[in-house]
2 protein chains.
Amino acid sequence: MTQLYDRVALIGLGLIAGSMALAMRRAGLAGEIVGTARSAETRATAAEIGLVDRVTETAAQAVQGADLVVLAVPVGAMGAVAEEIAPHLKPGATVTDVGSVKRAVIDAVAPHIPQGVHFIPAHPLAGTEHSGPRSGFAELFDNRWCLLVPVPDTDPQATARLRTLWEGMGANVDEMDADHHDLVLAVTSHAPHLIAYTMVGVADDIRRVTDSEVIKYSAAGFRDFTRIAASDPTMWRDVFLTNKDATLEILGRFTEELFALQRAIRTGDGQQLFDYFTRTRAIRRGIIEAGQDTDAPDFGRVKKS
Amino acid sequence: MTQLYDRVALIGLGLIAGSMALAMRRAGLAGEIVGTARSAETRATAAEIGLVDRVTETAAQAVQGADLVVLAVPVGAMGAVAEEIAPHLKPGATVTDVGSVKRAVIDAVAPHIPQGVHFIPAHPLAGTEHSGPRSGFAELFDNRWCLLVPVPDTDPQATARLRTLWEGMGANVDEMDADHHDLVLAVTSHAPHLIAYTMVGVADDIRRVTDSEVIKYSAAGFRDFTRIAASDPTMWRDVFLTNKDATLEILGRFTEELFALQRAIRTGDGQQLFDYFTRTRAIRRGIIEAGQDTDAPDFGRVKKS
């Protein structure tokens with residue numbers, strides 16, 4: 001594939017940035033990949049494993065001469081990073097981000113972007129429960145979606161190039177308005193994560209059921225919750241604080257439905273339960289058909305012995 | 001491995017019974033495996049694919065001369081099946097079940113079991129979202145837990161033999177009291193399933209987010225909910241109706257915690273969210289260490305292209 005950017009700067013070296021470095025290298029999309037992180041330990045690890053071509057101490061240094069700058073820090077830290085790098089950005093460069101919330105990131109970052117630099121918010125819908133510079137892998141974005149959220153007056157050519165980059169890293173790309181993005185993600189990601197965190201917290205609290213039992217017998221359903229409830233705490237704290245309205249709206253709808261099903265259980269209304277469970281089954285079929293999950297027995301999990 | 005039972009009768013030919021037939025055959029644990037199901041279509045499919053050695057039209061026929069009878073029907077149907085087979089059970093035989101709830105099954109089945117027949121309730125903690133006679137596979141129970149719930153005065157030798165059978169099918173075996181079982185499963189399975197069903201139902205309801213978006217962008221967390229929300233509706237209706245008290249208790253605790261976290265979001269209490277999410281991460285580590293899930297990137301899922 002053609003090289004798209006002579007120099008890419010990754011600000012933050014966690015799961016997403018690390019996977020981007022590996023995916024860009026896999027396809028030869030970038031000339032030089034420069035990276036930085038706030039933590040000295042993260043920078044040392046990234047240098048040691050050769051995650052990027054060059055590690056810098058500061059974000060200001062990293063963006064020098066970069067044609068593409070990727071903000072890959074928790075959503076709550078995006079504004080401060082934008083402010084720090086702004087004076088050092090190369091004219092004509094593109095700044096993008098990978099945050100899970102888009103309206104708050106645009107509000108925090110856009111005011112700092114100088115004239116002549118293109119700001120194109122983005123969000124790859126991919127991840128695992130792991131974090132840190134060792135957690136990335138080149139295949140993370142393969143067949144996953146990346147949503148571009150162009151702000152008004154975004155340069156079409158800069159957007160097209162960023163789209164090509166994401167496609168080159170394996171992703172499918174869609175464009176979406178920021179507010180709609182935040183609502184869609186509240187449904188498909190933010191509310192489910194909070195619910196999973198809550199259920200795992202409840203299990204941990206119940207003293208009559210020991211930790212050991214919760215863990216031993218987790219294959220009966222619980223373990224699927226624990227995976228998403230093991231995601232990075234800083235990242236998720238920021239997601240909930242910055243996508244507050246949409247998340248609370250979906251959680252309100254969730255509680256309403258949950259109460260209706262609890263009432264059906266209490267009153268013994270088997271027909272209501274059966275009809276509800278039949279309806280939800282159809283959505284699963286859609287996800288399999290869309291290639292966003294496997295229907296392999298035991299969910300395609302690798303067996304451990 | 002040594003043959004443990006000369007003849008085994010499977011009542012019901014769904015995911016669990018089918019997997020038992022294949023796992024028993026893999027290890028040579030049973031002489032003849034006889035099976036039956038209420039639906040003529042299921043019986044025809046089982047016969048066609050050779051799932052068991054012999055298919056009978058009725059449960060009464062299936063249990064004739066059987067040394068082990070496995071009730072593998074939805075929890076709500078256990079009592080009626082026990083009543084039907086009771087007069088036909090071989091003296092000295094063992095009757096067991098695979099239901100997800102134990103107190104209700106014991107109450108429904110035990111009164112029908114004749115003198116001289118051993119009733120030993122059991123529950124293998126394994127499954128997938130698939131159901132029906134084609135869904136079984138021999139490895140389903142490998143490294144999973146099976147809980148035996150012996151009733152008072154259960155014959156120790158009959159229990160030991162059933163334990164050996166489950167171990168021969170690949171499972172680890174524990175014994176547990178019925179009420180404790182029902183509470184542990186309410187935490188690790190029943191409440192999580194109801195919550196997943198609810199979240200998927202909510203997503204389906206929200207008209208501003210089209211079905212297609214929910215499905216396309218499901219990799220962001222939602223798809224893990226859809227898997228468990230695709231489980232067999234009849235089975236799960238019966239679980240909730242028969243483990244009502246424990247499930248409602250856990251759901252009450254869940255709602256309480258969820259409200260606390262919603263308040264933290266609303267008031268912007270990032271520290272509370274961070275601390276909560278840090279605590280739940282530790283439980284995940286325990287599950288990986290206990291070998292009950294994989295920590296492979298992308299959760300060990302097979303990639304679909």
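We name chains A, B, ... by the order of the sequence lines, and we start the count at 1 in each one.
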- Task: For B:Y276 and A:G201, work out which heavy atoms get closest and say how close.
- Result: OH-CA, 3.3 Å

- Item | Greatest number of heavy atom pairs closer than 4.5 Å to chain A - which of B:P124, B:P192, B:S189 | B:P192

- Task: Could you look at B:F254 and say if it's the side chain, the backbone, both or neither that has a heavy atom under 4.5 Å from chain A?
- Result: both

- Message: Has A:T280 got a side-chain atom pairing as donor or acceptor with B:V200's backbone, closer than 3.5 angstrom?
- Response: no

- So which of A:L147, A:L185, A:I195 has the largest heavy-atom pair count under 4.5 angstrom toward chain B? A:I195

- Query: Checking heavy atoms, do the side chain of B:L15, its backbone, both or neither come under 4.5 Å from chain A?
  - Reply: neither

Would you be so kind as to tabulate the donor-acceptor pairs closer than 3.5 Å made by side chains of residues 236-244 of chain A, with sequence neighbours excluded?
{"unit_1": "A:D238", "atom_1": "OD2", "unit_2": "A:G76", "atom_2": "N", "d": "2.8"}
{"unit_1": "A:T242", "atom_1": "OG1", "unit_2": "A:D238", "atom_2": "O", "d": "2.6"}
{"unit_1": "A:T242", "atom_1": "OG1", "unit_2": "A:V239", "atom_2": "O", "d": "3.4"}
{"unit_1": "A:N243", "atom_1": "ND2", "unit_2": "A:D182", "atom_2": "O", "d": "2.9"}
{"unit_1": "A:N243", "atom_1": "ND2", "unit_2": "A:H190", "atom_2": "ND1", "d": "3.0"}
{"unit_1": "A:K244", "atom_1": "NZ", "unit_2": "B:I265", "atom_2": "O", "d": "3.4"}
{"unit_1": "A:K244", "atom_1": "NZ", "unit_2": "B:R266", "atom_2": "O", "d": "3.3"}

- Message: Go through it in stages, so that I can follow the logic: the residues are A:L194 and B:F277, the test is side chain to side chain contact (heavy atoms under 4.5 Å, CB included), and I'd like the CA-CA distance, side-chain angles, deciding distance and then a yes or no.
- Response: CA-CA 9 Å; A:L194 194 78; B:F277 302 162; 3.9 Å; yes

- Interface moiety of B:D174 toward chain A, non-hydrogen atoms closer than 4.5 Å: side chain

- If you count heavy-atom pairs under 4.5 Å with chain B, which of A:G252, A:A260, A:S231 comes out on top? A:S231

- Per-residue tally against chain A (heavy atom, under 4.5 Å) across B:H193, B:Q272, B:R279 peaks at B:R279

- Message: Shorter than 4.5 Å, heavy atoms on both sides: which option in A:M176, A:M199, A:H123, A:E257 has the most such pairs with chain B?
- Response: A:M199

- Item | Working for side chain to side chain contact (heavy atoms under 4.5 Å, CB included), residues B:Q262 and A:T255 | CA-CA 11 Å; B:Q262 277 178 262; A:T255 310; 4.0 Å; yes

- What part of B:A126 lies closer than 4.5 angstrom to a heavy atom of chain A: side chain, backbone, both or neither? neither

- For the candidates B:T247, B:L261, B:L258, B:T278, which exhibits the highest count of non-hydrogen atom pairs separated by less than 4.5 Å from chain A? B:L258

- List the atom of A:R281, the atom of B:S131, and the distance in Å for their closest heavy-atom pair. NH2-OG, 2.9 Å

- Message: Restricting to ring-ring contact (aromatic ring centres under 6.0 Å, His included), what partner residues turn up for A:F225, sequence neighbours left out?
- Response: B:F225

- Task: Take A:L273 and B:Y197 through the side chain to side chain contact (heavy atoms under 4.5 Å, CB included) test and state the conclusion after the steps.
- Result: CA-CA 10 Å; A:L273 295 172; B:Y197 276 123; over 6 Å; no

- Output for pair (A:R144 CZ, B:S218 OG), nearest 0.5 Å, gives 7.5 Å

- Specify the closest pair of heavy atoms between B:V187 and A:F222, including all atoms of both residues, with the distance to one decimal. O-CD1, 4.2 Å

